Amino acid sequence: MAATRSAHAVWEGDLLKGSGVVSLDSSGLGSYGVSWPARTEEPNGKTSPEELIAAAHSSCFNMAFSNVLAKAGNAPDRLETKAEVTFVPGTGITTSHLTVRGTVPGLDADKFQALAEDAKKNCPVSQALAGVTITLTAELV
C-alpha cells in the first residue's frame, strides 16, 4: 500500500534577506524556520532543505540496513547513522555521506560493510538522490 506524506513551506521576501517556515503536516511534529543564511552559513536555530534531506537519508538508511541485516540472519542490536548532505551555492546538492556505527551480534566487519553498501544502494532515499554522490563509512562496534 502506498503512503503519501506531506509538508509545506511559506517564504516571505527575496532569497538573501527573506525567510520562511517549513511545517511537517503529516506527523504534526512542528514547524521550523528556514533561511538562506541558515542554508549557507550557520544554522542559528533554523533548518535547511539539506538538513531535512539528511534526516530523511539517515532514517531511511537505518530502516533499509536493519532489514538487510535481518534477512541475512543478523538483526542489529543498534544502528546509529549520521548523514551529511553538502550544498554548494550555484551548483546544488553535491553529496550525501552516511556514517553508520552498528552493533550486530554474530557478524564480522567485512560482511557488515558489504551489507551496508547494499542498504546504501537500495534505500529509497538513496535512490531518490540518484543524481548525488553518496558515500559510506561503516563501522561494526
Side-chain angles (χ1 to χ4, degrees), residues 1-105 107-141:
M1 178 192 239
T4 301
R5 301 294 181 258
S6 65
H8 80 275
V10 176
W11 187 267
E12 296 178 350
D14 67 13
L15 175 62
L16 299 179
K17 295 179 185 162
S19 64
V21 174
V22 61
S23 299
L24 306 180
D25 297 335
S26 298
S27 65
L29 288 176
S31 297
Y32 305 92
V34 294
S35 69
W36 181 254
R39 189 174 196 184
T40 59
E41 299 167 21
E42 291 300 316
N44 293 320
K46 295 184 179 183
T47 192
S48 67
E50 292 71 32
E51 184 176 37
L52 297 170
I53 291 169
H57 204 186
S58 61
S59 59
C60 183
F61 174 82
N62 273 349
M63 291 180 197
F65 195 19
S66 68
N67 187 47
V68 167
L69 288 164
K71 285 183 176 181
N74 297 92
D77 285 346
R78 178 180 168 88
L79 297 173
E80 182 177 334
T81 300
K82 179 178 186 176
E84 297 170 284
V85 175
T86 301
F87 171 74
V88 178
T91 301
I93 295 171
T94 57
T95 63
S96 181
H97 180 73
L98 298 167
T99 302
V100 60
R101 292 175 41 95
T103 305
V104 185
L107 197 67
D108 66 35
D110 289 339
K111 186 70 171 175
F112 183 81
Q113 180 69 42
L115 294 174
E117 289 289 343
D118 180 60
K120 177 190 84 167
K121 177 182 173 188
N122 293 303
C123 158
V125 173
S126 290
Q127 292 174 348
L129 295 172
V132 171
T133 300
I134 300 171
T135 56
L136 173 70
T137 301
E139 180 184 359
L140 184 64
V141 291

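Owing to the predicted nature of the structure, the values given are computational and were not obtained by experimental measurement. All residue numbers refer to positions in the sequence shown, counting from 1.
- L136 has its side chain within reach of F61: a pair of non-hydrogen atoms, C-beta onward, lies under 4.5 Å apart.
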Next on the checklist: Pair R101, E80 - check salt bridge (charged side-chain N to carboxylate O under 4.0 Å, His left out), show working.
Outcome noted: CA-CA 5 Å; R101 292 175 41 95; E80 182 177 334; 5.4 Å; no

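- Across all non-hydrogen atoms, the minimal contact from L16 to P37 is O-CD, 4.1 Å.
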Item to check | side chain to side chain contact (heavy atoms under 4.5 Å, CB included) between T135 and T133, intermediate numbers included | outcome: CA-CA 7 Å; T135 56; T133 300; 4.1 Å; yes

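- Between F65 and L115 the shortest heavy-atom distance is CE1-C, 3.5 Å.
- Atom CG of L79 and atom CE of M63 lie 11.5 Å apart (nearest 0.5 Å).
- The minimum heavy-atom distance linking T4 with S26 is given by the pair O-OG, 4.4 Å.
- Between the side chain of T137 and the backbone N or O of T99, no donor-acceptor pair lies under 3.5 Å.
- Nearest heavy-atom pair, F87 versus E50, reported as atom, atom and distance to 0.1 Å: CD1-OE2, 3.4 Å.
- What you find for A56 and S59 is that their closest heavy atoms are O-OG, 3.3 Å.
- Side chain of W36 to backbone of A38: no donor-acceptor contact under 3.5 angstrom is found.
- Side-chain contact check for H8 and S6: no donor-acceptor pair (N or O, by modelled atom type) lies under 3.5 Å.
- Distance check, rounded to the nearest 0.5 Å: CD of E84 to OG of S96 gives 8.5 Å.
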Next on the checklist: Evaluate S31 against S23 for side-chain hydrogen bond (donor to acceptor under 3.5 Å, both in side chains), listing each step before the verdict.
Outcome noted: CA-CA 4 Å; S31 297; S23 299; 2.7 Å; yes

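- To the nearest 0.5 Å, the span separating CZ on R78 from CG on N62 amounts to 9.5 Å.
- A 4.5 Å side-chain heavy-atom check between S126 and H57 finds at least one atom pair inside the cut-off.
- Counting heavy atoms from C-beta outward, V85 and L129 have side chains that stay 4.5 Å or more apart.
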Checklist entry - When you look at Q127 and N122, which way does the side chain to side chain contact (heavy atoms under 4.5 Å, CB included) test go after all the steps? => result CA-CA 7 Å; Q127 292 174 348; N122 293 303; 3.8 Å; yes

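- In summary, the side chains of T81 and S58 do not present any donor paired with an acceptor at a separation below 3.5 Å, with no hydrogens or angles considered.
- Contact record, L107 with L140: O-CD2, 3.0 Å, taken as the closest heavy-atom pair.
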